[in-house]
There are 2 protein chains.
Amino acid sequence: MVKASIGNTADMTTTLTYSGGGNERPARSTMKDVARLAGVSVKTVSRVVNGEPGASAAVRERILQAAERLDYRHNLGASTLRRKGARSGIVGALLQDIGNSFSAGLLRALEDVLREDGLSVLAASLDEEPERERGIVSDLVARRADGLVLMPASDRHEYLLSEHRAGLPLVFVDRRPHGLDCDSVTVDNLLGAKLATAHLIAGGHRRVAMLSDLQQIETAKDRIDGYRAALVEARIEFDPDLLVHSVRSEEEATRVVTDLLSRPDPPTAFLTGRNIITVGAVRALRSAGMIGKVALVGYDDFPLADLVEPALTVIRQDVRRIGTEVGQILLDRLGGDSGPPRRVVLEPSLVIRGSGEIPPPVAG
Amino acid sequence: MVKASIGNTADMTTTLTYSGGGNERPARSTMKDVARLAGVSVKTVSRVVNGEPGASAAVRERILQAAERLDYRHNLGASTLRRKGARSGIVGALLQDIGNSFSAGLLRALEDVLREDGLSVLAASLDEEPERERGIVSDLVARRADGLVLMPASDRHEYLLSEHRAGLPLVFVDRRPHGLDCDSVTVDNLLGAKLATAHLIAGGHRRVAMLSDLQQIETAKDRIDGYRAALVEARIEFDPDLLVHSVRSEEEATRVVTDLLSRPDPPTAFLTGRNIITVGAVRALRSAGMIGKVALVGYDDFPLADLVEPALTVIRQDVRRIGTEVGQILLDRLGGDSGPPRRVVLEPSLVIRGSGEIPPPVAG
DNA sequence: TGTGTTTACGTCAACGTTGACGTAGATGAG
DNA sequence: CTCATCTACGTCAACGTTGACGTAAACACA
């Protein structure tokens, strides 16, 4: 493989297509144009546009009118380039999938905090693809983003060391950084899964199955650890058949649950490691006619979990809180806080709604 | 009120806070630094960084090493400024609320289409606040965004005329532009609501209530029109008591439904004009013990609507499709398409799941 | 009235990059 | 060997804006 160039690679076809396409975007007028029309110097226009003092009311008015006539718009790029320590005003948010409620909720909370400081969010979905992560990070660095929020798809993060050293505020969310010491806001996934499993065991269950996502995903791994820790504490022997990982879709979850239920010694309770797995599991219980007969705790909460039949007992992560926390750290860093990395770990909670309190069948 | 300045207003406090804060972000190294270290001119560095020809292998290697040593990163801002018709690579997406499944799903689909062309999405929630819309649009214009996707909070859009004339690709989503002739992708809300209402009427209902959002929101208005059109077609007299608008929250929806059900001549079916209203309504039916006794059609579909008890009959809008369509138009425009505005209107569909097929009680 | 200060401008250079163009040396054709 | 051509660079200016600094006129004050 050829060593990649650092910036954007020259692309000949673009030029061709563009000139072929026809309507180039007409050039925006600049301060120079406004200055000419108003009969003043560019610098004076700059002053008026920026609301700085040093312009008489008359000149000010002339300039504003000229600007309006010419549809003048301030060019933030040029301004940022010229100004000393100017910020770009952009924060990158690289999340798992902007379309799912967890990422979307987080993004929303983050946006609210950052808006206070006039920062905009450039959002991207990584879909667990490490290469996309690298590409987008590189783009954001080239854009001189003021900060980065990362729910990493990659598992090693040394490549960010130089950016972090260069002073780029970097906050990991939901997953911890590896090979890099920076701020992070995570949820104690081990604790959550342990809570859930212990709750089921306390309800009398001995055969609790767990369905989980790709093991390479840190949160998935932590949840599995929590599940196993609860079994150990309850002195229940771990049955490898009851732990299914790499469940990636709703359909797969349905199949797995259906399969498990048809085994000779089926589980009497399920812990589902992710929303789409929970949904797939509920579907399986429905079609197997096992609603109300098999217990289920989902990880994590979602909008209508209380309206589903049965109402779902879940482990809840406070998305809003996570996003707010991330935003706050970012603002602090931008404000000059150069203290040691903060590692915020939030505790998830168990929300009891019914599905997790179904008792095991009377022993046979 | 003082006439606002055009660009960013000078903010003295920022400067103070910043210098007080301590660690200014250390300056990134530039091509000049790399050039010095490699013993070549800046222009040659530029060539190598951009993968252009005109540099010997030896020089190329020296430059790349120097760049690495100095943690050099291409400055896209400066590059864009200098290049001729260069694009900023940013598209603004101003949606209602990035946290809700409709906006989030749309954003996700849009992102996928735009990524193909190397465009990034700057996302923002408007929360039905026209002023915020203006502010963010102005910011994006100053950033020289390559395009704008707008689910407007404002009801007049003349203020965008100049930007549109200046060649800024502009696509309205979900709501039509007013006072501006530009591309849009909307859903036929009137048709959707009519379908829903007609479906309930066909099931034997004569007293169908509708709960709707703020009347100033276009989609809400259209849905009300659809509801009324269906009544007219069925020759059912419109009862103003059965139409409640400006229902803004889940709790409010619950209260309204509860209240309607306690009236002397209660509705036997409900059409809920928005997701949170649907959820609130289901809650009301639950606590009133009317599940399975009162019919309900929701507008629109959401992730778990089929798992709720009763499974919800809904009007579905294909979010993914909407987002893709918007993205495609944007790409076409960026590719030079200067044809007349496109007005894509998608048809929603009725998804039958049970709640909408509950018959009215036998007449008393 | 003279002198210092303020106000309202203007000039110039620089931010980091790249297009246009120049040039010295290498290469090739005849 | 000559002259045209090509290659690998370099120089310069410009993109749109703003900081630093200059200056002429107005103003303040003793």
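Letters go in sequence order (proteins before strands), and every chain restarts at 1.
- The minimum heavy-atom distance between B/Cys182 and B/Phe172, with the atom names listed, is SG-CD1, 3.3 Å.
- A side-chain donor-acceptor contact under 3.5 Å links A/Thr80 to the backbone of A/Leu76.
- Residue B/Val42 is the one, among A/Met31 and B/Val42, whose nearest nucleotide of DNA chain D lies closer to the 5' end (criterion: closest heavy atom).
- Five base pairs at each end of the helix from C/dT1-D/dA30 to C/dG30-D/dC1 define two local axes, and these are offset by 30° (rounded to 10°).
- Across the protein-nucleic acid pair, A/Asn75 atom CG and D/dC15 atom C1' stand 9 Å apart, rounded to whole Å.
- At whole-Å resolution of the value, CG in B/Leu81 and P in C/dA14 are 17 Å apart.
- The residues B/Asp183 and B/Arg333 are annotated as salt-bridged, a charged nitrogen and a carboxylate oxygen being separated by less than 4.0 angstrom.
- Side chain of A/Ser56, nearest nucleotide from C/dG16, D/dT17, C/dA8: C/dA8.
- Here the P atom of nucleotide D/dG16 and the NE2 atom of A/His74 are 13 Å apart, to the nearest Å.
- The phosphate of D/dT17 (OP1 or OP2) has no side-chain N or O of A/Ser46 nearer than 4.0 angstrom.
- Taking side-chain N and O atoms only, B/Ser79 has a distance below 4.0 Å to OP1 or OP2 of C/dT18.
- Comparing D/dT18, D/dG10, C/dC15 by their nearest atom to the side chain of B/Thr44 picks out D/dG10.
- In this structure, B/Arg143 atom CZ and D/dG16 atom P are separated by 19 Å, rounded to whole Å.
- For the pair B/Ile63 CD1 and D/dG10 C1', the computed distance is 12 Å after rounding to whole Å.
- For the OP1/OP2 pair of C/dT18 and a distance below 4.0 Å, the side-chain nitrogens and oxygens of B/Asn50 include at least one atom meeting the criterion.
- Counted by atom type alone, A/Gln96 and A/Ser103 present zero donor-acceptor pairs between their side chains at under 3.5 Å.
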Sub-3.5 Å pairs of nitrogen or oxygen atoms, protein against nucleotides 22-25 of chain C:
none

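- Side-chain contact of A/Arg60 with A/Ser56: a donor-acceptor pair under 3.5 Å is absent, judged by distance alone.
- Other residues, nucleotides and ligands place no more than 12 heavy atoms under 6.0 Å from the CZ atom of A/Arg69.
- A side-chain hydrogen bond (donor to acceptor under 3.5 Å, both in side chains) with A/Asp181 is found for exactly one of A/His164, A/Arg343, A/His157, namely A/Arg343.
- Distance A/Arg87 CZ to C/dC15 C1': 19 Å, rounded to the nearest Å.
- Taking atom CZ on A/Arg28 and atom P on D/dC15, their separation rounds to 18 Å, with Å as the unit.
- Ranking D/dG16, C/dG10, C/dC15 by closeness to the A/Thr30 side chain, first place goes to D/dG16.
- Of all heavy-atom pairs between A/Asp146 and A/Leu334, the closest is O-CD2, 3.4 Å.
- Between D/dA8, C/dG10, C/dT18, one nucleotide has an atom nearer to the side chain of A/Ser41 than all others, and that is C/dG10.
- Among A/Val113, A/Asp112, A/Leu114, the one residue that satisfies the side-chain contact (heavy atoms from CB on, under 4.5 Å) test with A/Leu110 is A/Leu114.
- Going from atom CD of B/Glu111 over to atom OG of B/Ser120 covers 9.0 Å, rounded to the nearest 0.5 Å.
- In this structure, A/Lys32 places its NZ atom 14 Å from P of C/dT11, rounding to the nearest Å.
- Relative to the ring axis of B/Tyr159, B/Arg134 places its NZ or CZ within 45° and under 6.0 Å from the centre.
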Nucleotide N/O of nucleotides 19-28 of chain D paired with protein N/O under 3.5 Å:
| residue | atom | partner | partner atom | Å |
| --- | --- | --- | --- | --- |
| D/dG19 | N7 | A/Lys43 | NZ | 2.7 |

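- Inspection of the A/Arg73 and B/Ser162 side chains reveals an N or O donor paired with an N or O acceptor under 3.5 Å.
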